[in-house]
Amino acid sequence: FEYSYDIDADGSYLVLKLNSDARLLKHQVEIICQNPNPAFVSFHIRRENENTSICYNITSKISLSQYLERKMLNKKELLDMLRGVVKNLMLHGNYLLDISSFVIYPDFIFINPATAEVSLIYVPVSCDKDSTDILKAFLKDLVVNSANVDDNAGDNYLQRILNYLKSDSFSLRD
């Protein structure tokens with residue numbers, strides 16, 4: 001996908017331009033558009049000539065990478081953020097969505113800075129990737145490299161998170 005940002009009178013948007021060979025899954029578009037949930041960044045489809053774009057409304061949100069640059073997280077804030085990402089991913093079953101179509105990268109996960117509420121980008125196209133490996137890599141990178149974490153809890157929780165991510169028994173539910 002090609003992406004860009006757009007600002008108009010209605011708000012700020014992340015715009016994903018779909019490749020010509022990518023096919024929108026209309027039933028998934030309808031499910032998300034007809035059942036808005038703060039767990040998913042709301043979007044609308046824009047068609048211009050032969051081009052199709054998905055416009056995600058990111059008004060009043062910042063990317064996770066920007067959020068982490070600005071804020072030092074304590075144990076509770078980090079765990080709440082991780083819990084928010086995983087909880088939102090777990091909603092895929094309720095909405096009949098393919099978990100591999102979520103974009104799990106810090107620049108494409110959005111946070112409301114006032115409430116620390118996490119919202120995910122869902123791309124309603126067929127996707128063939130291993131979401132578990134992507135999620136594990138994302139979480140490892142977040143804990144080790146990205147997050148500015150205050151580790152004064154004294155209970156070694158960061159190491160316990162990393163050990164669990166390395167284990168063969170990793171699952172979203174746990």
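Computed from a predicted model, the values in this text were never measured in an experiment.
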For a quick test of your reading: what N or O donor-acceptor pairs under 3.5 Å do the side chains of residues 108-119 make, sequence neighbours left out?
from	atom 1	to	atom 2	distance (Å)
Asn112	OD1	Ala114	N	2.9
Thr115	OG1	Glu117	N	3.3
Ser119	OG	Pro38	O	2.6

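- Side-chain atoms of Phe138 and Val85, non-hydrogen and from C-beta on, do get closer than 4.5 Å to each other.
- The structure places NZ of Lys61 at 12.0 Å from CG of Leu14, a figure rounded to the nearest 0.5 Å.
- Defined by atom type and a distance below 3.5 Å, a donor-acceptor pair is missing between the side-chain atoms of Tyr95 and Gln28.
- A distance-only check finds a donor-acceptor pair linking the side chain of Asn35 to the backbone of Ile31 [under 3.5 Å].
- With values rounded to the nearest 0.5 angstrom, Phe43 atom CZ is found 4.5 Å from Cys33 atom SG.
- Look at Glu48 and Arg46 and you find a salt bridge, because one of the NZ, NE, NH1 or NH2 atoms lies within 4.0 Å of a carboxylate O, short of that distance.
- In this structure, Lys136 does not pair ionically with Asp133, as no charged nitrogen and carboxylate oxygen lie closer than 4.0 Å.
- For the atom pair CZ of Arg47 and CG of Leu18, the computed distance is 9.0 Å after rounding to the nearest 0.5 Å.
- Counting heavy-atom neighbours within 6.0 Å of Asp21 CG, excluding the residue itself, gives a total above 12.
- If you look at His92 and Tyr122, their ring centroids are not closer than 6.0 Å.
- Using modelled atom types, no side-chain atom of Asn49 and backbone atom of Asn51 make a donor-acceptor pair closer than 3.5 Å.
- For Asp107 and Ser65, the side-chain atoms include at least one donor-acceptor pair closer than 3.5 Å.
- Tracing side-chain contacts under 4.5 Å through hydrophobic residues (I, L, V, M, F, W, Y), one never reaches Phe40 starting from Tyr13; they form parts of separate clusters.
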